[in-house]
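Here's the structure, in structure tokens; my notes come after.
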Amino acid sequence: MKILVINAGSSSIKYQLLNMDTETLMAAGIVERIGDIQGVLSHKKYTDGDEQKTVIERRIDDHKQGMHLLIEMITSSETGVISSTGEIDAIGHRVVQGGESFSRASLIDAPIKAAIEKNNPLAPLHNPANLTGIEVAQQLFGDTPNVAVFDTEFHQTMEPKAYLYALPYEFYQELKIRRYGFHGTSHKYVAKNVAAEMGKNPEEVNVITVHLGNGGSITAVSKGRCVDTSMGMTPLAGIMMGSRCGDIDPAIIGYIVQEKSLSYQEVDAILNKESGLKGICGMNDMRDIHESAAQGNQRAKLAVDMFTYRVKKYIGAYFAALGRVDAVAFTAGIGENDDIVRAAVCEDMSGLGMQIDPEANHGRISTRKKISAESSSVQIWVIPTNEELQIAQDTMAIVKDM
Ligand code: ADP
């Protein structure tokens, strides 16, 4: 079975074509700067371990043209891996916000599209773009089934005590203000696969999944089900991130509005784009920050200290939420590549049963690897995430019996 995974943004379309019989990547790419004077498509074709890259620069008017271009790339004799789109069995779409309407992936039809649209106000930057991707795919791929896989669905198992904010209850009833959580496909993939690496079923273990990329979130997973997660109604909450502030005292916002004579929109942009690591040391890429800290930049060092301290506190909180923890699993750009951050997060955690093995932790890790010491009662793992594969698996589960 061949599945095309689509992640449509406001001016981009990321795609991957996967052969699900072998769970291998056939082609992947991104169409960017849709609507700009000059658009760009970067495409990779994978054959027998070989990678062939093609870049095309030309104006791409809209998502429809972008999707046409990617179809050309995957079907052409030069860059393609299939001879026609008829070989694609299904298309899996990443949709950011499923609200309370979706606790599982869904075959897309008109009522499902309407339900996604209804959640637009909760993710105004993402859901409309995801819907455009769905519309265009429906126009161009004929009868091929389309499936929506939601970032939020894995977190729908949280109980009200975990997802409600201590605000007037009507705000939840009227406006659906609550914790939704994000990165759900990644947390689901990592929780499932760390259990597999431990030789267990997901239902047998409690794990804390630590997704540290540009955005980051931490999730407490009990027996395969999410019980709590650090992101909130929006992806601004939780740990400190590349340029997002994470949890702050909500009263700070009004204070900045007043003292700096800024509008709420301006403050919101600062919290999302000028805060986090960037706010503290001016850089948001952890590699640059380490380099600068090594050269004596105290702000860079402070940024790393703040970042790792916050991750550590969430892990501690989730030990309390779960009662018993079998494994902590790191993933995503920083989680997989950054031994300094992993070591700092796990430092002095032996009281909770976590002891890292410095040698196993050393360096970038690109495969699944246990990095805890033998004496550690809680296993510590690096599990490289694969959100596209998870979306393809969820899509396949829906269409395989059709
Ligand atoms: P996104 O949230 O955009 O998907 P990623 O999961 O790709 O992010 O993670 C991006 C982050 O990973 C970068 O900001 C960078 O700080 C970090 N990163 C990537 N490679 C390394 C590395 N070798 N060492 C430390 N950090 C790294």
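Any value given below was found using the heavy atoms of this structure, including those in side chains, with hydrogens, waters and symmetry copies removed. From a predicted model like this one, the values you see are computed outputs, not experimental measurements. Start at 1 and go down the list; that is how both ligands and their atoms are numbered.
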Measure and list all N/O to N/O distances between ligand 1 and the protein that fall under 3.5 angstrom.
| unit_1 | atom_1 | unit_2 | atom_2 | d |
| --- | --- | --- | --- | --- |
| ligand 1 | 2 (O) | Asn214 | N | 3.0 |
| ligand 1 | 2 (O) | Gly215 | N | 3.4 |
| ligand 1 | 3 (O) | Asn214 | ND2 | 3.4 |
| ligand 1 | 6 (O) | Gly333 | N | 2.9 |
| ligand 1 | 8 (O) | Asn214 | N | 3.1 |
| ligand 1 | 12 (O) | Ile334 | N | 3.4 |
| ligand 1 | 14 (O) | Asn214 | OD1 | 3.3 |
| ligand 1 | 16 (O) | Asp285 | OD1 | 3.4 |
| ligand 1 | 16 (O) | Met286 | N | 2.7 |
| ligand 1 | 20 (N) | Arg287 | NH1 | 3.4 |
| ligand 1 | 20 (N) | Asn337 | ND2 | 3.4 |

Legend entry - For Asp357, all residues meeting salt bridge (charged side-chain N to carboxylate O under 4.0 Å, His left out), sequence neighbours excluded: none
Inset, instruction - Scan residues 118-141 for pairs that pass salt bridge (Lys or Arg N to Asp or Glu O under 4.0 Å), counting only residues two or more places apart or in two chains. - result: Lys113-Glu135
Legend entry - Nearest atoms (heavy-atom pairs only) where Ser186 meets His211: OG-ND1, 2.8 Å
Legend entry - Contacts of Glu359 that satisfy salt bridge (charged side-chain N to carboxylate O under 4.0 Å, His left out) - sequence neighbours left out: none
Inset, instruction - Find the distance between CZ (Phe182) and CD (Gln97) and round it off to the nearest 0.5 Å. - result: 4.5 Å
Legend entry - Asp338 and His290: side chain donor to acceptor below 3.5 Å: yes
